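Data first, discussion second: the structure below is written as structure tokens.
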Amino acid sequence: MKLLLHICCGPCSLYPIAELLKERFEEVAGIFFNPNIHPYSEYLRRRQALEEASRSDSLKIFFPDYDMKEFFKAIVDNYSKPGRCQRCWTLRLERTATFAKEKGFDGFSTTLLISPYQDHDSLREIGRRLAQNFGLEFYYKDFRPGFRESQTKAKEIQIYRQRYCGCIFSELERG
């Protein structure tokens, strides 16, 4: 199976990528599609952190254009949690599935599955629904056991570690 991994950030990518590369996939590649990240300078810091984190993996990573309007269109009538988050996940995973289909991947997954702060049931349901719509497989794996390890490694290799999910609403909510 050729797998496309949606990557939310460098620190969260470390453990899932290592785990996926141990498995018997024909190919694993990544996509950094995160129009939810604001401001743009934060997006650039996270992209750079991912580039630094992935240097040793030789993993091909795709970087679609950044367009924050996509995020705002997706959540325009629902700014509160959990609706905003579900729409954001759907936006990012739908783009991942679209790209996977276009580039000949058999399935997709996401590094969001490492976070103990994300709703795994919703992510799994969104992924499975999109996979069915696109004729792909959604590869669900609970990466949460590696969350602390990923954060520790990010500190060790001195890559940028963010303090909020990325969207402006999350930044405001953390005070």
Side-chain angles (χ1 to χ4, degrees), residues 4-17 30-54 61-100 108-130 133 138 140-175:
L4 183 63
L5 179 66
H6 167 262
I7 301 173
C8 61
C9 66
C12 288
S13 74
L14 296 169
Y15 181 82
I17 289 172
I31 183 169
F32 184 72
F33 175 70
N34 299 291
N36 58 304
I37 299 173
H38 297 98
Y40 184 61
S41 58
E42 178 73 14
Y43 171 86
L44 292 175
R45 287 184 80 183
R46 292 183 192 202
R47 178 181 168 147
Q48 180 182 10
L50 173 59
E51 290 169 342
E52 291 169 13
S54 64
I61 300 177
F62 300 95
F63 295 93
D65 290 339
Y66 173 82
D67 184 357
M68 67 180 182
K69 291 177 285 199
E70 290 180 88
F71 170 71
F72 288 117
K73 285 178 189 174
I75 66 153
V76 70
D77 62 347
N78 194 341
Y79 296 94
S80 60
K81 280 183 155 184
R84 168 185 83 225
C85 299
Q86 290 175 350
R87 288 176 182 203
C88 180
W89 298 329
T90 299
L91 169 69
R92 294 188 285 164
L93 292 180
E94 185 170 26
R95 174 63 65 87
T96 301
T98 300
F99 194 86
F108 65 100
S109 190
T110 179
T111 60
L112 291 166
L113 297 171
I114 195 171
S115 175
Y117 308 108
Q118 305 297 338
D119 179 346
H120 275 237
D121 292 336
S122 290
L123 283 165
R124 185 179 2 205
E125 175 57 33
I126 291 165
R128 287 183 177 159
R129 179 176 37 82
L130 290 169
N133 292 348
F138 179 68
Y140 174 81
K141 184 165 184 173
D142 187 351
F143 294 117
R144 287 177 289 194
F147 179 74
R148 293 287 169 228
E149 178 183 328
S150 223
Q151 295 300 308
T152 300
K153 185 172 181 182
K155 278 185 198 177
E156 288 170 4
I157 63 175
Q158 299 179 343
I159 62 169
Y160 173 67
R161 293 179 318 121
Q162 64 278 0
R163 300 192 190 290
Y164 65 105
C165 85
C167 84
I168 193 69
F169 303 102
S170 171
E171 169 72 348
L172 292 169
E173 289 167 357
R174 77 181 185 100

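The structure displayed is predicted, hence computed values, not measured ones.
Shown here for I159 and A53, the closest heavy-atom pair between the two residues is CD1-CB, 3.7 Å. Of all heavy-atom pairs spanning A154 and L14, the tightest one is N-CD1, 3.6 Å. Across all non-hydrogen atoms, the minimal contact from L4 to A100 is CD2-N, 3.7 Å. Scanning all heavy atoms of the two residues, the minimum distance from R84 to S170 falls at NH2-N, 4.3 Å.
Taking F62 as the reference, F99 meet the ring-ring contact (aromatic ring centres under 6.0 Å, His included) condition, with sequence neighbours excluded. A search for ring-ring contact (aromatic ring centres under 6.0 Å, His included) contacts involving F143 returns nothing, not counting sequence neighbours. Taking F108 as the reference, F138 meet the ring-ring contact (aromatic ring centres under 6.0 Å, His included) condition, with sequence neighbours excluded.
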N/O donor to acceptor pairs below 3.5 angstrom from side-chain atoms of residues 86-94, sequence neighbours left out:
from: Q86; atom 1: NE2; to: S122; atom 2: OG; distance (Å): 3.0
from: R87; atom 1: NH1; to: D77; atom 2: OD1; distance (Å): 2.2
from: W89; atom 1: NE1; to: Q118; atom 2: OE1; distance (Å): 3.2
from: T90; atom 1: OG1; to: Q86; atom 2: O; distance (Å): 2.8
from: R92; atom 1: NH1; to: N34; atom 2: OD1; distance (Å): 2.8

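Put simply, SG on C12 and CD1 on I114 are 5.5 Å apart, with the number rounded to the nearest 0.5 Å. Taken from NE2 in H120 to CG in L112, the straight-line distance is 8.5 Å, to the nearest 0.5 Å.
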Inset, instruction - Evaluate ring pair (Phe, Tyr, Trp, His ring centres under 6.0 Å) for Y43 paired with F32, printing each intermediate quantity in order. - result: CA-CA 10 Å; Y43 171 86; F32 184 72; 5.3 Å; yes

Legend entry - Check against side chain to side chain contact (heavy atoms under 4.5 Å, CB included), I61 and I31: CA-CA 5 Å; I61 300 177; I31 183 169; over 6 Å; no

Inset, instruction - Could you give me the CA-CA distance, side-chain angles and deciding distance for E171 and H38, then say whether side chain to side chain contact (heavy atoms under 4.5 Å, CB included) is met? - result: CA-CA 9 Å; E171 169 72 348; H38 297 98; over 6 Å; no

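A distance-only check finds no donor-acceptor pair linking the side chain of S109 to the backbone of L5 [under 3.5 Å]. In terms of modelled atom types and a separation under 3.5 Å, the side chain of H6 and the main chain of F33 share a donor-acceptor contact. Judged by distance alone, the side chain of S150 and the main-chain N or O of Y15 form a donor-acceptor pair under 3.5 Å.
Side-chain contact check for S13 versus L50: some heavy-atom pair is nearer than 4.5 Å. In this structure the side chain of I75 reaches within 4.5 angstrom of the side chain of F169, judged on heavy atoms. Between C85 and D119 there is no side-chain heavy-atom pair separated by less than 4.5 Å. Within the 4.5 Å cutoff, the side chain of I7 has heavy atoms near those of the I17 side chain.
For residues 120-129, the salt bridge (charged side-chain N to carboxylate O under 4.0 Å, His left out) pairs, not counting sequence neighbours, are D121-R124. Among residue pairs with one or both ends in residues 144-165, those qualifying as salt bridge (charged side-chain N to carboxylate O under 4.0 Å, His left out) are D142-R144; sequence neighbours excluded.
Note on ring orientation: taking the six-membered ring where Trp is involved, the planes of Y117 and F147 are perpendicular (angle over 60°, cut-offs 30° and 60°). Ring pair Y66/Y40 is tilted by interplanar angle, where 30° to 60° counts as tilted.
Screening R46, R45, E52 against Q48 for a side chain to side chain contact (heavy atoms under 4.5 Å, CB included) leaves a single residue, E52.
Y160 and E42 share a donor-acceptor pair across their side chains, judged by distance under 3.5 Å alone.
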